[in-house]
Amino acid sequence: MISTIDHLVRPNIRALKPYRSARQDHVSGILLDANENAFGSSVSWDGVPLNRYPDPAQRQLRDRLAEMNGVPPTSIFVGVGSDEVIDLLFRIFCEPGRSNVVIPEPTYGMYRVAAAVQDAEVRSCLLTEEFQLDADVVRRCVDGNTRLVFVCTPNNPTANLLRREAILALTAENAVVVVDEAYLDFADAASLAPSAASTPNLVVTRTLSKAWGLAGARCGYAVAHPSVIDWLMRVKSPYNMNALTASVALEALANQDRMKASVERIIEERRWLEAKLVKLSCVEHVFPSDANFLLVRVSDANRIYAHLAAQGIIVRNRSTELRCDNCLRMTVGTRPQNELLIAALRGVVQ
Ligand SMILES: Cc1ncc(COP(=O)(O)O)c(C=O)c1O
(Lines give C-alpha, C1' and ligand atoms only; values in the text may rest on other atoms or scores of the structure.)
Protein backbone atom coordinates (compact mmCIF):
# COMPACT_ATOMS: atom_id res chain seq x y z
CA MET A 1 0.00 0.00 0.00
CA ILE A 2 1.31 3.48 -0.80
CA SER A 3 1.39 6.03 2.04
CA THR A 4 0.13 9.02 0.04
CA ILE A 5 -1.47 9.72 -3.33
CA ASP A 6 -0.28 13.32 -3.57
CA HIS A 7 2.42 12.41 -6.14
CA LEU A 8 -0.34 10.97 -8.39
CA VAL A 9 -2.23 14.29 -8.43
CA ARG A 10 -1.80 16.39 -11.57
CA PRO A 11 0.71 19.25 -11.08
CA ASN A 12 -1.86 21.94 -12.00
CA ILE A 13 -4.25 20.59 -9.36
CA ARG A 14 -1.48 20.52 -6.77
CA ALA A 15 -0.80 24.19 -7.59
CA LEU A 16 -4.50 25.12 -7.57
CA LYS A 17 -5.67 27.89 -5.28
CA PRO A 18 -9.27 26.79 -4.61
CA TYR A 19 -12.15 29.24 -4.96
CA ARG A 20 -13.27 30.62 -1.63
CA SER A 21 -17.02 30.93 -1.51
CA ALA A 22 -19.02 33.31 0.64
CA ARG A 23 -20.67 30.56 2.70
CA GLN A 24 -17.37 28.92 3.58
CA ASP A 25 -16.72 31.12 6.60
CA HIS A 26 -20.19 32.16 7.76
CA VAL A 27 -23.48 30.32 7.34
CA SER A 28 -25.54 32.54 9.68
CA GLY A 29 -25.79 36.21 10.61
CA ILE A 30 -26.89 39.15 8.50
CA LEU A 31 -25.81 37.58 5.24
CA LEU A 32 -24.95 40.33 2.78
CA ASP A 33 -21.93 38.57 1.35
CA ALA A 34 -23.18 36.40 -1.53
CA ASN A 35 -25.43 38.62 -3.67
CA GLU A 36 -28.43 36.44 -2.88
CA ASN A 37 -32.02 37.69 -2.78
CA ALA A 38 -32.50 38.85 0.83
CA PHE A 39 -36.26 39.19 0.26
CA GLY A 40 -36.75 35.48 -0.22
CA SER A 41 -37.21 32.99 -3.02
CA SER A 42 -39.84 33.08 -5.76
CA VAL A 43 -41.11 29.73 -4.56
CA SER A 44 -41.00 28.10 -1.13
CA TRP A 45 -40.29 24.42 -0.74
CA ASP A 46 -40.70 22.53 2.49
CA GLY A 47 -38.83 25.02 4.66
CA VAL A 48 -35.63 24.80 2.58
CA PRO A 49 -34.09 28.32 2.44
CA LEU A 50 -33.85 28.41 -1.33
CA ASN A 51 -32.78 32.06 -1.52
CA ARG A 52 -29.51 31.13 0.22
CA TYR A 53 -26.56 29.25 -1.25
CA PRO A 54 -26.17 25.83 0.38
CA ASP A 55 -23.33 24.91 2.71
CA PRO A 56 -20.33 24.29 0.40
CA ALA A 57 -18.86 21.87 2.93
CA GLN A 58 -22.10 19.83 2.99
CA ARG A 59 -21.60 19.38 6.74
CA GLN A 60 -24.96 17.86 7.78
CA LEU A 61 -25.06 15.36 4.95
CA ARG A 62 -21.44 14.36 5.37
CA ASP A 63 -21.93 13.90 9.12
CA ARG A 64 -24.88 11.59 8.53
CA LEU A 65 -23.14 9.58 5.79
CA ALA A 66 -20.04 9.32 7.96
CA GLU A 67 -22.06 7.94 10.84
CA MET A 68 -23.77 5.43 8.55
CA ASN A 69 -20.49 4.22 7.09
CA GLY A 70 -18.56 4.18 10.35
CA VAL A 71 -15.96 6.67 9.13
CA PRO A 72 -15.10 10.29 10.07
CA PRO A 73 -16.85 13.09 8.12
CA THR A 74 -13.43 14.07 6.73
CA SER A 75 -13.58 10.78 4.79
CA ILE A 76 -16.83 11.69 2.98
CA PHE A 77 -17.32 13.67 -0.22
CA VAL A 78 -20.84 14.26 -1.58
CA GLY A 79 -21.42 14.64 -5.30
CA VAL A 80 -24.15 15.13 -7.87
CA GLY A 81 -24.52 11.39 -8.22
CA SER A 82 -21.52 9.10 -8.05
CA ASP A 83 -20.96 10.08 -11.70
CA GLU A 84 -19.70 13.47 -10.46
CA VAL A 85 -17.22 11.73 -8.17
CA ILE A 86 -15.93 9.63 -11.09
CA ASP A 87 -15.58 12.74 -13.25
CA LEU A 88 -13.67 14.65 -10.54
CA LEU A 89 -11.29 11.74 -9.94
CA PHE A 90 -10.33 11.88 -13.62
CA ARG A 91 -9.78 15.61 -13.42
CA ILE A 92 -7.62 15.33 -10.29
CA PHE A 93 -5.44 12.40 -11.32
CA CYS A 94 -5.35 12.06 -15.13
CA GLU A 95 -3.04 14.20 -17.22
CA PRO A 96 -4.70 14.52 -20.66
CA GLY A 97 -2.78 12.66 -23.36
CA ARG A 98 -0.44 11.04 -20.88
CA SER A 99 -2.17 9.16 -18.03
CA ASN A 100 -3.96 5.86 -18.39
CA VAL A 101 -6.67 4.10 -16.41
CA VAL A 102 -7.24 0.36 -16.11
CA ILE A 103 -10.79 -0.93 -16.52
CA PRO A 104 -11.63 -4.63 -16.08
CA GLU A 105 -14.55 -5.24 -18.47
CA PRO A 106 -17.40 -5.75 -19.04
CA THR A 107 -18.40 -2.99 -16.67
CA TYR A 108 -20.17 0.36 -16.26
CA GLY A 109 -19.70 2.44 -19.42
CA MET A 110 -19.24 5.83 -17.74
CA TYR A 111 -15.63 5.06 -16.75
CA ARG A 112 -14.74 4.96 -20.45
CA VAL A 113 -16.72 8.12 -21.23
CA ALA A 114 -15.10 10.02 -18.36
CA ALA A 115 -11.69 8.78 -19.58
CA ALA A 116 -12.43 10.01 -23.10
CA VAL A 117 -13.52 13.42 -21.81
CA GLN A 118 -10.21 13.76 -19.96
CA ASP A 119 -8.25 12.26 -22.87
CA ALA A 120 -6.91 9.47 -20.65
CA GLU A 121 -5.93 6.18 -22.29
CA VAL A 122 -8.15 3.24 -21.34
CA ARG A 123 -6.36 -0.03 -20.70
CA SER A 124 -9.06 -2.61 -20.86
CA CYS A 125 -8.59 -6.05 -19.37
CA LEU A 126 -11.08 -8.86 -19.05
CA LEU A 127 -12.89 -10.21 -16.05
CA THR A 128 -12.68 -14.00 -15.94
CA GLU A 129 -15.33 -16.17 -17.62
CA GLU A 130 -17.18 -16.17 -14.27
CA PHE A 131 -16.95 -12.35 -14.37
CA GLN A 132 -14.44 -12.37 -11.52
CA LEU A 133 -11.50 -10.08 -10.97
CA ASP A 134 -8.08 -11.59 -11.57
CA ALA A 135 -5.70 -9.22 -9.77
CA ASP A 136 -2.71 -10.47 -11.81
CA VAL A 137 -4.46 -9.70 -15.10
CA VAL A 138 -5.23 -6.17 -13.88
CA ARG A 139 -1.70 -5.69 -12.53
CA ARG A 140 -0.17 -6.52 -15.89
CA CYS A 141 -1.96 -3.47 -17.37
CA VAL A 142 -0.62 -1.06 -14.76
CA ASP A 143 2.45 1.00 -15.61
CA GLY A 144 4.08 4.23 -14.44
CA ASN A 145 1.38 6.34 -16.13
CA THR A 146 -1.57 4.51 -14.56
CA ARG A 147 -3.55 6.75 -12.25
CA LEU A 148 -6.89 5.01 -11.69
CA VAL A 149 -8.06 1.38 -11.61
CA PHE A 150 -11.83 0.90 -11.70
CA VAL A 151 -13.61 -1.96 -10.01
CA CYS A 152 -17.40 -2.22 -9.81
CA THR A 153 -18.92 -4.54 -7.20
CA PRO A 154 -21.61 -5.78 -7.63
CA ASN A 155 -20.61 -5.25 -11.21
CA ASN A 156 -22.79 -3.62 -13.84
CA PRO A 157 -23.88 -5.31 -16.15
CA THR A 158 -22.82 -8.74 -14.84
CA ALA A 159 -24.62 -8.28 -11.46
CA ASN A 160 -22.11 -10.25 -9.39
CA LEU A 161 -19.94 -9.27 -6.43
CA LEU A 162 -16.21 -9.26 -7.10
CA ARG A 163 -13.88 -11.00 -4.65
CA ARG A 164 -12.86 -8.64 -1.87
CA GLU A 165 -9.30 -9.99 -1.56
CA ALA A 166 -8.68 -9.48 -5.28
CA ILE A 167 -9.85 -5.87 -5.02
CA LEU A 168 -7.74 -5.15 -1.95
CA ALA A 169 -4.71 -6.76 -3.62
CA LEU A 170 -4.84 -3.99 -6.23
CA THR A 171 -4.11 -1.35 -3.58
CA ALA A 172 -0.51 -2.59 -3.63
CA GLU A 173 -0.16 -0.76 -6.96
CA ASN A 174 1.00 2.83 -7.35
CA ALA A 175 -2.45 3.99 -8.52
CA VAL A 176 -5.81 4.91 -7.04
CA VAL A 177 -8.24 1.99 -6.88
CA VAL A 178 -11.83 3.19 -7.32
CA VAL A 179 -14.42 0.71 -6.06
CA ASP A 180 -17.92 1.48 -7.30
CA GLU A 181 -20.44 0.10 -4.80
CA ALA A 182 -23.55 1.56 -6.45
CA TYR A 183 -25.40 -1.76 -6.04
CA LEU A 184 -23.90 -2.98 -2.77
CA ASP A 185 -27.10 -2.42 -0.77
CA PHE A 186 -28.63 -5.33 -2.68
CA ALA A 187 -25.76 -7.71 -1.87
CA ASP A 188 -24.92 -9.75 1.16
CA ALA A 189 -21.46 -8.25 1.62
CA ALA A 190 -19.73 -5.62 3.69
CA SER A 191 -18.71 -2.32 2.16
CA LEU A 192 -15.05 -1.49 1.64
CA ALA A 193 -15.85 2.04 2.87
CA PRO A 194 -14.14 1.61 6.29
CA SER A 195 -10.98 0.32 4.58
CA ALA A 196 -11.11 3.23 2.13
CA ALA A 197 -11.08 5.75 4.98
CA SER A 198 -7.70 4.44 6.12
CA THR A 199 -6.13 3.38 2.80
CA PRO A 200 -4.66 6.37 0.92
CA ASN A 201 -5.21 4.90 -2.57
CA LEU A 202 -8.63 3.29 -2.15
CA VAL A 203 -11.79 5.25 -3.01
CA VAL A 204 -15.27 3.78 -2.58
CA THR A 205 -18.18 5.38 -4.41
CA ARG A 206 -21.79 4.88 -3.35
CA THR A 207 -25.09 6.33 -4.45
CA LEU A 208 -28.61 7.07 -3.29
CA SER A 209 -29.86 6.39 -6.85
CA LYS A 210 -30.49 2.66 -6.47
CA ALA A 211 -31.56 1.14 -3.14
CA TRP A 212 -32.61 4.51 -1.74
CA GLY A 213 -34.74 5.20 -4.81
CA LEU A 214 -33.43 8.75 -5.32
CA ALA A 215 -32.04 8.63 -8.85
CA GLY A 216 -33.89 11.85 -9.69
CA ALA A 217 -32.37 13.75 -6.76
CA ARG A 218 -28.77 13.13 -7.91
CA CYS A 219 -26.82 12.31 -4.80
CA GLY A 220 -23.79 10.06 -4.62
CA TYR A 221 -20.73 10.06 -2.44
CA ALA A 222 -17.18 8.91 -2.03
CA VAL A 223 -15.57 7.40 1.03
CA ALA A 224 -11.81 7.82 1.03
CA HIS A 225 -8.76 8.83 2.99
CA PRO A 226 -9.07 12.49 4.14
CA SER A 227 -6.26 13.51 1.78
CA VAL A 228 -8.25 12.28 -1.27
CA ILE A 229 -11.39 13.97 0.08
CA ASP A 230 -9.41 17.17 0.43
CA TRP A 231 -8.47 17.08 -3.28
CA LEU A 232 -12.10 16.44 -4.23
CA MET A 233 -13.25 19.39 -2.10
CA ARG A 234 -10.68 21.63 -3.74
CA VAL A 235 -11.75 20.93 -7.32
CA LYS A 236 -15.52 20.64 -6.94
CA SER A 237 -17.72 23.55 -7.90
CA PRO A 238 -18.47 25.49 -4.70
CA TYR A 239 -22.15 24.57 -4.36
CA ASN A 240 -22.34 21.23 -6.17
CA MET A 241 -24.84 19.75 -3.71
CA ASN A 242 -28.04 21.77 -3.88
CA ALA A 243 -30.18 22.47 -0.82
CA LEU A 244 -33.21 20.53 -2.09
CA THR A 245 -31.25 17.35 -2.74
CA ALA A 246 -29.39 17.66 0.55
CA SER A 247 -32.69 18.04 2.38
CA VAL A 248 -34.30 15.07 0.60
CA ALA A 249 -31.19 12.93 1.16
CA LEU A 250 -31.12 13.71 4.90
CA GLU A 251 -34.79 12.82 5.17
CA ALA A 252 -34.23 9.51 3.38
CA LEU A 253 -31.12 8.64 5.37
CA ALA A 254 -33.03 9.18 8.63
CA ASN A 255 -35.06 6.08 7.81
CA GLN A 256 -32.71 3.26 6.88
CA ASP A 257 -35.43 0.67 7.59
CA ARG A 258 -37.52 2.00 4.72
CA MET A 259 -34.59 1.49 2.35
CA LYS A 260 -33.98 -2.01 3.71
CA ALA A 261 -37.64 -2.95 3.26
CA SER A 262 -37.50 -1.76 -0.33
CA VAL A 263 -34.33 -3.79 -0.95
CA GLU A 264 -36.01 -6.90 0.48
CA ARG A 265 -38.95 -6.49 -1.87
CA ILE A 266 -36.66 -6.03 -4.85
CA ILE A 267 -34.66 -9.16 -3.95
CA GLU A 268 -37.88 -11.13 -3.54
CA GLU A 269 -39.01 -9.94 -7.00
CA ARG A 270 -35.59 -10.73 -8.44
CA ARG A 271 -35.96 -14.33 -7.27
CA TRP A 272 -39.46 -14.53 -8.78
CA LEU A 273 -38.26 -13.08 -12.07
CA GLU A 274 -35.25 -15.37 -12.23
CA ALA A 275 -37.41 -18.44 -11.57
CA LYS A 276 -39.74 -17.45 -14.43
CA LEU A 277 -36.95 -16.49 -16.83
CA VAL A 278 -35.05 -19.79 -16.59
CA LYS A 279 -38.14 -21.63 -17.79
CA LEU A 280 -38.47 -19.64 -21.03
CA SER A 281 -37.31 -21.21 -24.27
CA CYS A 282 -35.68 -17.99 -25.48
CA VAL A 283 -33.57 -17.77 -22.31
CA GLU A 284 -30.27 -19.60 -22.33
CA HIS A 285 -28.82 -18.45 -19.02
CA VAL A 286 -29.62 -16.14 -16.13
CA PHE A 287 -26.42 -15.03 -14.43
CA PRO A 288 -26.45 -15.00 -10.60
CA SER A 289 -27.28 -11.54 -9.29
CA ASP A 290 -26.24 -9.57 -6.20
CA ALA A 291 -27.92 -6.44 -7.58
CA ASN A 292 -31.35 -5.07 -8.60
CA PHE A 293 -31.05 -6.37 -12.15
CA LEU A 294 -30.42 -9.59 -14.02
CA LEU A 295 -28.06 -10.28 -16.88
CA VAL A 296 -29.80 -12.74 -19.16
CA ARG A 297 -28.33 -14.62 -22.12
CA VAL A 298 -31.02 -15.10 -24.72
CA SER A 299 -31.21 -16.84 -28.08
CA ASP A 300 -31.03 -13.60 -30.10
CA ALA A 301 -30.54 -10.39 -28.09
CA ASN A 302 -31.10 -7.90 -30.91
CA ARG A 303 -34.34 -9.50 -32.04
CA ILE A 304 -35.68 -9.97 -28.51
CA TYR A 305 -34.71 -6.44 -27.52
CA ALA A 306 -36.68 -5.09 -30.49
CA HIS A 307 -39.60 -7.43 -29.72
CA LEU A 308 -39.80 -6.11 -26.14
CA ALA A 309 -39.35 -2.47 -27.18
CA ALA A 310 -42.22 -2.83 -29.66
CA GLN A 311 -44.41 -3.69 -26.68
CA GLY A 312 -43.14 -0.75 -24.67
CA ILE A 313 -40.86 -2.87 -22.47
CA ILE A 314 -37.41 -1.35 -22.39
CA VAL A 315 -34.45 -3.41 -21.25
CA ARG A 316 -30.76 -2.80 -21.95
CA ASN A 317 -29.08 -4.63 -24.80
CA ARG A 318 -25.57 -5.42 -23.57
CA SER A 319 -24.68 -7.86 -26.33
CA THR A 320 -21.85 -5.75 -27.73
CA GLU A 321 -20.00 -5.80 -24.40
CA LEU A 322 -17.05 -8.14 -23.96
CA ARG A 323 -18.14 -11.63 -22.81
CA CYS A 324 -21.80 -10.52 -23.01
CA ASP A 325 -22.83 -11.80 -26.43
CA ASN A 326 -26.61 -12.14 -26.69
CA CYS A 327 -27.08 -10.65 -23.23
CA LEU A 328 -29.87 -8.37 -22.10
CA ARG A 329 -29.82 -6.54 -18.78
CA MET A 330 -33.20 -6.39 -17.09
CA THR A 331 -33.92 -4.20 -14.09
CA VAL A 332 -36.18 -5.87 -11.53
CA GLY A 333 -39.54 -4.15 -11.72
CA THR A 334 -42.75 -4.37 -9.74
CA ARG A 335 -44.70 -7.65 -9.96
CA PRO A 336 -47.10 -6.33 -12.64
CA GLN A 337 -44.15 -5.03 -14.68
CA ASN A 338 -42.27 -8.31 -14.31
CA GLU A 339 -45.38 -10.26 -15.31
CA LEU A 340 -45.69 -8.19 -18.47
CA LEU A 341 -42.00 -8.77 -19.22
CA ILE A 342 -42.38 -12.53 -18.84
CA ALA A 343 -45.57 -12.56 -20.93
CA ALA A 344 -43.80 -10.61 -23.69
CA LEU A 345 -40.85 -12.99 -23.63
CA ARG A 346 -43.23 -15.95 -23.89
CA GLY A 347 -44.40 -14.41 -27.15
CA VAL A 348 -40.94 -14.60 -28.70
CA VAL A 349 -41.09 -16.90 -31.71
CA GLN A 350 -38.04 -19.14 -31.73
C1 LIG B 1 -22.12 0.94 -11.51
C2 LIG B 1 -22.73 2.29 -11.48
N3 LIG B 1 -22.08 3.28 -10.90
C4 LIG B 1 -22.58 4.53 -10.86
C5 LIG B 1 -23.79 4.81 -11.45
C6 LIG B 1 -24.27 6.23 -11.44
O7 LIG B 1 -24.85 6.50 -10.25
P8 LIG B 1 -25.36 7.97 -9.88
O9 LIG B 1 -26.81 8.01 -10.17
O10 LIG B 1 -25.04 8.06 -8.42
O11 LIG B 1 -24.57 8.95 -10.70
C12 LIG B 1 -24.51 3.80 -12.07
C13 LIG B 1 -25.80 4.09 -12.72
O14 LIG B 1 -26.44 3.30 -13.33
C15 LIG B 1 -23.96 2.51 -12.10
O16 LIG B 1 -24.59 1.49 -12.71
Side-chain angles (χ1 to χ4, degrees), residues 58 61-62 65 68-69 76-91 101-115 117 122 124 127 131 133 148-162 167 176-187 189 191-193 196 202-224 232 236-237 240-242 244-246 248-249 252-253 259 262-263 266 270 287 289-295 314-318 321-322 324 327-333:
Q58 314 149 330
L61 198 46
R62 288 170 70 207
L65 290 168
M68 247 178 60
N69 284 275
I76 301 281
F77 173 84
V78 186
V80 181
S82 39
D83 281 345
E84 188 192 15
V85 178
I86 294 166
D87 178 54
L88 291 179
L89 290 171
F90 272 95
R91 290 209 256 157
V101 300
V102 178
I103 307 181
E105 293 186 301
T107 194
Y108 182 44
M110 265 311 287
Y111 312 140
R112 261 185 182 276
V113 175
V117 170
V122 171
S124 172
L127 294 171
F131 296 135
L133 188 68
L148 305 171
V149 178
F150 280 92
V151 177
C152 184
T153 181
N155 187 35
N156 176 7
T158 63
N160 61 308
L161 278 165
L162 302 190
I167 300 172
V176 176
V177 179
V178 184
V179 182
D180 185 336
E181 293 187 343
Y183 299 98
L184 194 79
D185 295 304
F186 301 101
S191 170
L192 281 169
L202 179 62
V203 177
V204 165
T205 62
R206 306 208 62 179
T207 181
L208 304 197
S209 297
K210 311 295 176 184
W212 296 90
L214 290 176
R218 309 305 300 129
C219 185
Y221 62 100
V223 184
L232 286 164
K236 81 177 180 76
S237 68
N240 64 328
M241 185 41 46
N242 74 78
L244 287 174
T245 295
V248 162
L253 294 171
M259 179 275 278
S262 167
V263 165
I266 291 168
R270 185 182 77 203
F287 291 89
S289 173
D290 299 299
N292 65 340
F293 57 88
L294 291 166
L295 186 71
I314 317 301
V315 297
R316 201 79 197 267
N317 190 350
R318 299 282 77 185
E321 301 284 316
L322 295 162
C324 290
C327 283
L328 299 176
R329 193 193 71 193
M330 303 174 183
T331 306
V332 176

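Atoms within a ligand are numbered from 1 in the order they appear, just like the ligands themselves.
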Residue pair Phe293, Asn156: steps toward the side chain to side chain contact (heavy atoms under 4.5 Å, CB included) verdict: CA-CA 9 Å; Phe293 57 88; Asn156 176 7; 4.2 Å; yes

- prompt: Which of the numbered atoms in ligand 1 are below 4.0 angstrom from a heavy atom of Gly81?
  reply: 8 (P), 10 (O), 11 (O)

Nearest-option assignment for atom 13 (C) of ligand 1, heavy atoms, candidates Glu181, Arg329, Lys210: Lys210

field: Glu84 touching ligand 1 at heavy-atom level, < 4.0 angstrom
entry: no

task: Indicate, as side chain, backbone, both or neither, the part of Asp83 found under 4.0 angstrom from ligand 1 when only non-hydrogen atoms are considered.
output: both

field: Numbering as shown, the atoms of ligand 1 that approach Cys152 to under 4.0 Å (heavy-atom distance)
entry: 1 (C)

- prompt: With distance as the sole criterion, is a donor-acceptor pair present between the side chains of Asn242 and Arg218 under 3.5 Å?
  reply: no

task: Calculate, to the nearest 0.5 Å, the distance between atoms OG1 and CG belonging to Thr107 and Asn155 respectively.
output: 4.0 Å

message: Can you confirm, on distance only, whether ligand 1 has an N/O atom lying under 3.5 Å from any N/O atom belonging to Tyr108?
response: no

Thr245 side chain vs Ala217 backbone, donor-acceptor pair below 3.5 Å: yes

Ala215 heavy atom under 4.0 Å from ligand 1: no

field: Donor-acceptor contact below 3.5 Å, side chain Glu321 vs main chain Pro106
entry: no

- request: With heavy atoms of Tyr183 as the reference, note each atom of ligand 1 found under 4.0 Å away.
  value: 1 (C), 14 (O), 15 (C), 16 (O)

- request: Using a 4.0 Å heavy-atom cut-off, say whether Ser82 meets ligand 1 through its side chain, its backbone, both or neither.
  value: both

- request: To the nearest 0.5 angstrom, please state how far the CG atom of Asn292 sits from the CD1 atom of Ile266.
  value: 6.0 Å

- request: Consider ligand 1: state whether an atom of it lies below 4.0 angstrom from any non-hydrogen atom of Arg218.
  value: yes

query: Could you give the distance from CG (Leu88) to NZ (Lys236), rounded to the nearest 0.5 Å?
result: 9.5 Å

- prompt: In terms of residue, atom name and distance, what is the protein heavy atom nearest to atom 3 (N) of ligand 1?
  reply: Asp180 OD2, 2.6 Å

- request: State yes or no: are the ring centers of Tyr183 and Tyr108 separated by less than 6.0 Å?
  value: no

